[in-house]
Amino acid sequence: TGTGREIRSSVDAATEPAAIAALLNRNLLVVSIQEKIAKKGRTAGGSVPLSDLVMFTRQLATMIDAGLAMVQSLQALADQTQNKVMRDVIKDICTRVESGDSFSEALQKHPKAFNRLYVAMVGAGEKGGLLSEILARLATYLENTARLQKKVKSSMMYPTVVTIVAIGITVFLLVKVIPVFADIYSGFGAQLPGPTKFLMNLSSLLQSYFLLFIMTAVIAVGILVEVVFREDYDDGVEGDDDDEESDEDTEMVPPKVKTT
């Protein structure tokens, strides 16, 4: 306060210097500060669409090649990004780079958005002074991956529709047509072949649990559509991240500050 009264509060920051700088920007004088280690784990964040990742990588490569600073480039990309998840990821990366982390170290905090290949190539580009060139190659690789995914989705569309239609026709025959023949055959009093008995029993079972079957079919179709046509960025190495050591996020609490 204006009287010099001490204030005890907390501030989130990647490092202690970053916490002190944030307080100084508020015209507060830091008297003492303690670091509290938060729960181990990576920064929270979701997967991002491959199209957004391609655009981010291509634009960042262009900006770096044009001579713009990394922080300035990330800030500009965060302002331009429409996807909220991607925007939050870029802002967090920008904050970590400002606090002293390298670009590859900041990317490691978001394994759902950037796979290990992406991070490793960026790290190699930083060490070799070829970051813009590496980012351009990554963008080209991701663009080719996106085109391949579109081709796969297009090729899967026809067999998926045919399969759904075939299942629908089969269900219609079992529910509406087979019962008619079952009534006819039952009047003959003759011994029916095994396959015919199987179809009749299957028809009776389907009629008894028709609603349950429909619910199961809808769920199965939804899962199939999600698997085939989803746009999330999948790095193809799921399960390997559990073997890596978790990073520690830090929270600076509680600093004592007074106004200058």
Side-chain angles (χ1 to χ4, degrees), residues 11-30 33 35 38 42-146 232-233 235 247-252 255 257 260:
V11 61
D12 294 330
T15 61
E16 183 174 335
I20 296 175
L23 294 171
L24 292 177
N25 289 335
R26 304 176 191 173
N27 294 324
L28 299 175
L29 178 62
V30 179
I33 187 169
E35 177 180 351
R42 292 183 174 86
T43 300
S47 301
V48 298
L50 182 57
S51 57
D52 288 345
L53 187 62
V54 171
M55 184 176 299
F56 166 79
T57 306
R58 177 64 68 186
Q59 291 179 344
L60 183 60
T62 303
M63 291 180 178
I64 297 299
D65 187 57
L68 294 178
M70 175 63 70
V71 172
Q72 183 180 358
S73 301
L74 292 173
Q75 289 174 344
L77 291 175
D79 294 336
Q80 297 174 6
T81 303
Q82 301 294 329
N83 185 284
K84 183 180 183 302
V85 175
M86 189 65 183
R87 182 169 62 250
D88 293 340
V89 168
I90 297 175
K91 287 182 178 179
D92 182 76
I93 293 173
C94 182
T95 300
R96 293 180 181 276
V97 171
E98 283 182 311
S99 64
D101 289 353
S102 66
F103 183 46
S104 59
E105 291 173 344
L107 294 179
Q108 284 181 333
K109 306 298 182 180
H110 301 275
K112 293 183 179 180
F114 306 96
N115 63 8
R116 291 186 298 169
L117 173 63
Y118 194 105
V119 175
M121 291 189 67
V122 169
E126 288 179 321
K127 293 178 181 179
L130 301 172
L131 182 57
S132 61
E133 182 178 347
I134 292 297
L135 287 173
R137 293 184 180 182
L138 271 173
T140 302
Y141 165 75
L142 294 175
E143 288 169 351
N144 293 335
T145 302
D232 289 343
Y233 174 46
D235 58 14
D247 298 311
E248 294 184 353
D249 291 336
T250 59
E251 180 185 10
M252 307 304 167
V257 297
T260 55

Mind checking side chain to side chain contact (heavy atoms under 4.5 Å, CB included) for [X] and listing every partner two or more places apart, or none if nothing turns up?
X	value
M55	Q59
N144	T140, R147
K127	none
S73	L60, M63, I64, L68

Go through the structure and list residues passing salt bridge (charged side-chain N to carboxylate O under 4.0 Å, His left out) with [X], not counting sequence neighbours.
X	result
D88	K84
E98	none
E133	R137
R87	none

**Any pair counted as salt bridge (charged side-chain N to carboxylate O under 4.0 Å, His left out), so long as it reaches residues 54-79, sequence neighbours left out** = R58-E143

From [atom1] ([X]) to [atom2] ([Y]), nearest 0.5 Å:
X	Y	atom1	atom2	result
T95	K109	OG1	NZ	13.5 Å
F56	S51	CZ	OG	14.0 Å
I93	D101	CD1	CG	11.0 Å
L142	L50	CG	CG	6.0 Å

Considering non-hydrogen atoms only, spot the tightest contact between [X] and [Y] and give its length.
X	Y	value
V119	L107	CG2-CB, 3.9 Å
V97	A106	CG2-CB, 4.2 Å
M86	D52	CE-O, 4.3 Å
S132	A61	O-CB, 3.8 Å

**Request:** Would you mind reporting whether Y118 and T57 have side-chain heavy atoms less than 4.5 Å apart?
**Result:** yes

**Message:** My understanding is that only residues two or more places apart in sequence, or in another chain, count here; which of them pass side chain to side chain donor-acceptor pair (under 3.5 Å) with T81?
**Reply:** none

